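Below is one structure, written out as structure tokens; comments come after it.
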Amino acid sequence: MGANSSRELEARNYLEKHQIIELLNFLTSALLFFRPEKPREYLISILEQLRIAKLTGVAFPFFMDNSNIVAMFEMMDSSNKGIISFIQYKEALKTLGLCTADEVLKDDGHGITLEKFRREVNKRTQEIWSAF
Amino acid sequence: MTRGPSDAGHQGAAALHGGMDATTAPHRIPPEMPQYGEANHVFEMMQNMLEQLLIHQPKDPIPFMINHLQRDNDYVPKIVILGPPASGKTTIAMWLCKHLNSNLLSVGNLIAKEFSSLAADARRHYQKFKTVPSMLLIRLVQERLSEEDCVRRGWILDGIPETREQALMIQTVGIVPRHVIVLSAPDTVLIERNLGKRLDPQTGEVYHTTFDWPPESEIQNRLMVPAGISEGETAQKLLEYHRNITRILPSYPKILKVIPADQPCVDVFSQALTYVQSIHRSNAPFTPRVLLCGPVGSGKSLQAALLAQKYGLVNVCCGQLLKEAVADKSKYCEMILPFFEKETAVPDSIIMKVLSQRLDQQDCVERGWVLHGFPRDLDQAHVLDSWGYKPNRVFFLNVPFDSIAERLTLRRTDPVTGERYHLMYKPPPTMEIQARLLQNPKDAEERIKLRMDLFYRSAADLEQFYRQAITLNGDQDPYTVFEYIESGIINPLPKKVP
């Protein structure tokens with residue numbers, strides 16, 4: 001029984017170290033969003049791009065580009081104040097899969113501007129991708 | 001696996017805000033996404049990939065994943081066949097191998113392998129002790145399975161694992177069968193059978209003097225009597241087999257099938273083949289979109305109601321929908337009313353508009369639906385399909401005319417209370433009530449026959465259009481029919497044999 005749980009631990013560590021679950025989530029989302037005719041070939045092409053990006057250090061084409069970030073911010077900022085509340089910001093990051101449910105984020109009381117939101121989304125996405 | 005909307009989080013945010021935000025509106029996942037996921041088995045593909053990643057834990061996951069996707073061997077045969085001596089294991093294994101174009105592994109052919117130091121060691125041990133040590137055997141299996149032809153075309157293990165120890169070892173190195181077949185027969189039958197066993201030294205095939213005698217005389221002439229088939233020796237081997245098999249079986253709880261071997265080998269083979277070609281239920285998220293087709297009186301409404309009640313699907317009855325549209329005086333009311341008044345069929349385009357309005361509502365998209373009453377012919381089916389509503393389970397309920405007539409012509413309504421009765425299935429409690437019961441003119445026998453004929457004229461076209469439809473005998477009690485429908489929805493659709 002001890003051997004089993006240590007292998008399980010090993011497996012969990014492996015998943016975390018290489019961020020496998022996040023990668024599979026991303027691949028599944030891409031598939032369902034773009035719905036290519038040939039899913040396997042499509043997945044292979046994304047993985048190839050990732051592999052090359054890792055080797056050459058060229059930025060990987062992120063799922064959420066700038067216009068998406070702006071659109072999302074504007075959806076949340078319905079009264080056009082230019083800032084969103086801390087709660088909205090945290091929920092948005094959770095929806096994008098960029099922060100875990102129990103992560104503690106600092107609330108500086110000033111609300112989040114578009115610039116700060118964009119910077120944070122890009123920073124976190126970069127962190128995740130650098131693990132590959 | 002798929003990222004869904006974090007509804008709980010949004011509801012929490014709403015509570016704190018005390019107002020409506022764009023973030024608190026429920027997420028609407030376009031139905032094309034789950035449809036695509038189902039059609040392309042995305043969940044299963046990801047699950048398989050994750051399994052392989054966890055088993056091998058490659059240092060470089062991305063090239064590994066690329067390789068795995070390119071190989072595309074998720075569904076190649078991975079079969080284990082176990083059974084007592086003389087049960088016909090080897091025969092079945094060889095036939096399956098030929099039929100599925102796969103590779104056969106047995107203790108015999110593993111140790112006979114050339115150019116392998118492991119095999120040479122195993123041969124030496126076998127010559128002395130007539131057995132192969134488990135560790136060595138499993139390493140031989142592992143070596144063989146890593147070869148290109150096994151990776152590409154799958155494998156069938158004949159008589160391996162022999163013990164629980166071997167079963168666990170196989171699992172530890174990451175070899176996981178998808179189907180395990182265990183042949184079983186009473187010991188007395190097996191002891192007798194073993195006496196007639198004959199071996200073809202050239203091909204390695206096993207024959208029998210009574211049950212499986214080869215027709216060609218040249219094979220007959222070269223058949224040999226193998227060693228170890230006397231009654232005493234067989235009984236000894238059986239003892240050992242029974243000791244081991246009970247401890248191996250618990251390792252394969254969900255993928256095991258026991259096939260009785262005391263029947264003609266072609267029957268055993270056909271059962272084995274059907275089993276290995278079946279797909280196990282997967283954990284993929286599944287929103288049922290069920291279509292029930294059948295003539296009037298076949299029980300569609302009843303089954304739809306049962307499904308809605310048990311699984312929370314939305315019951316969409318086309319006729320009901322149209323009547324509701326008229327009664328609610330909705331925008332479609334003026335379009336539909338003239339057709340109702342003239343008692344002619346409402347045109348397909350109008351029906352489709354009403355139907356799509358209902359099917360696009362949030363509850364249908366989220367919980368799934370069961371549709372009946374539409375389509376009734378090929379044109380309607382095409383229209384439904386072109387508007388993007390593709391059912392993922394289609395059932396045809398077949399009921400002979402006499403049963404339909406019995407079900408419908410005996411329907412009565414009490415004009416005073418409005419209560420509905422059936423003279424056979426739900427008779428009225430008193431003679432007084434029975435005296436005043438009235439029959440709906442639509443339930444007259446001639447009109448029923450007309451409507452049934454109308455359905456059967458288009459049935460053949462519909463069955464061809466919905467190629468993966470399941471046909472059921474509707475002429476049974478409702479709960480039996482319901483069980484068949486349930487199993488049709490829950491089990492994966494049979495894969496077409498290539």
Side-chain angles (χ1 to χ4, degrees), chain A residues 3 7-8 10-15 17-29 31-54 72 74-79 84-97 101 131-132, chain B residues 1-17 19-25 27 29-30 32-43 45-47 49-72 74 168 171-172:
Chain A
R7 289 204 69 178
E8 189 182 324
E10 216 180 279
R12 279 188 201 281
N13 287 339
Y14 177 79
L15 288 182
K17 171 174 168 204
H18 294 271
Q19 308 219 280
I20 301 288
I21 302 288
E22 286 83 357
L23 176 57
L24 289 178
N25 274 343
F26 171 76
L27 291 175
T28 315
S29 310
L31 264 187
L32 294 181
F33 188 75
F34 295 110
R35 295 192 283 283
E37 275 278 317
K38 301 204 170 147
R40 270 178 197 265
E41 276 84 342
Y42 181 73
L43 285 181
I44 292 176
S45 75
I46 296 190
L47 288 170
E48 286 284 1
Q49 284 179 34
L50 262 177
R51 194 171 63 92
I52 295 177
K54 189 175 174 188
M72 195 168 179
E74 285 176 355
M75 251 196 341
M76 291 189 282
D77 182 23
S78 42
S79 48
I84 57 174
S85 78
F86 179 69
I87 314 266
Q88 284 175 303
Y89 164 68
K90 186 155 183 232
E91 289 310 319
L93 285 184
K94 268 203 260 170
T95 310
L96 290 173
F132 302 134
Chain B
M1 289 296 288
T2 49
R3 277 217 246 108
S6 51
D7 277 316
H10 288 295
Q11 280 160 23
L16 285 164
H17 265 270
M20 273 302 284
D21 259 43
T23 49
T24 60
H27 280 235
I29 303 178
E32 294 85 29
M33 284 197 185
Q35 280 180 24
Y36 179 86
E38 270 172 43
N40 291 285
H41 304 288
V42 172
F43 182 91
M45 183 161 59
M46 291 302 174
Q47 189 175 42
M49 195 144 69
L50 183 61
E51 272 175 18
Q52 291 303 305
L53 280 169
L54 283 174
I55 289 174
H56 295 104
Q57 295 187 13
K59 277 215 191 54
D60 261 324
I62 297 194
F64 179 87
M65 286 163 73
I66 296 180
N67 231 329
H68 170 88
L69 287 170
Q70 278 170 339
R71 246 188 270 128
D72 194 2
D74 289 348
L168 291 175
Q171 194 179 328
T172 313

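As the structure is a computational prediction, the values presented were derived from the model and not from experiment. In the text below, chain A, chain B and the rest are named by the order of the sequence lines, each starting its count at 1. Values reported hereafter were calculated over all heavy atoms of this structure, with side chains retained and with hydrogens, waters and symmetry mates removed.
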Legend entry - Closest non-hydrogen atom pair between B:Tyr36 and A:Pro36, with its separation: OH-O, 2.5 Å
Inset, instruction - Would you mind reporting whether A:Leu27 and B:Met45 have side-chain heavy atoms less than 4.5 Å apart? - result: no
Legend entry - Per-residue contact mode, B:Leu54 against chain A (heavy atom under 4.5 angstrom): side chain
Inset, instruction - Measure the CG-CD1 distance between B:Leu53 and A:Ile20 for me, rounded to the nearest 0.5 Å. - result: 5.0 Å
Legend entry - Atom pair CE (B:Met46) and CG (A:Asn25), whose distance is rounded to the nearest 0.5 Å: 9.0 Å
Inset, instruction - Kindly indicate, with the supporting measurements, whether the criterion side-chain contact (heavy atoms from CB on, under 4.5 Å) is fulfilled by B:Met33 and A:Arg35. - result: CA-CA 8 Å; B:Met33 284 197 185; A:Arg35 295 192 283 283; 3.5 Å; yes
Legend entry - Interchain contact, B:Asp72 with chain A, by part (heavy-atom threshold 4.5 Å): both
Legend entry - Neighbour count above 12 (heavy atom, 6.0 Å) for B:Gln171 CD: no
Legend entry - Set of residues satisfying side-chain hydrogen bond (donor to acceptor under 3.5 Å, both in side chains) with respect to A:Glu48, sequence neighbours excluded: A:Arg51
Inset, instruction - May I ask you to check whether over 12 heavy atoms, not counting those of B:Arg71, lie within 6.0 Å of atom CZ? - result: yes
Legend entry - Check: A:Tyr14 side chain, B:Lys59 main-chain N or O, donor-acceptor pair, under 3.5 Å: no
Legend entry - Contact check, side chains of B:Thr172 and A:Arg7, non-hydrogen atoms, under 4.5 Å: yes
Legend entry - For the student: nearest non-hydrogen atoms of A:Leu47 and B:Ile62, plus distance: O-CG2, 3.5 Å
Legend entry - chain A contacts, top residue of B:Glu32, B:His68, B:Met49 (heavy-atom pairs, under 4.5 Å): B:Glu32
Inset, instruction - Compare all side-chain heavy atoms of A:Asn13 with those of B:Gln57 and state whether any distance is below 4.5 angstrom. - result: no
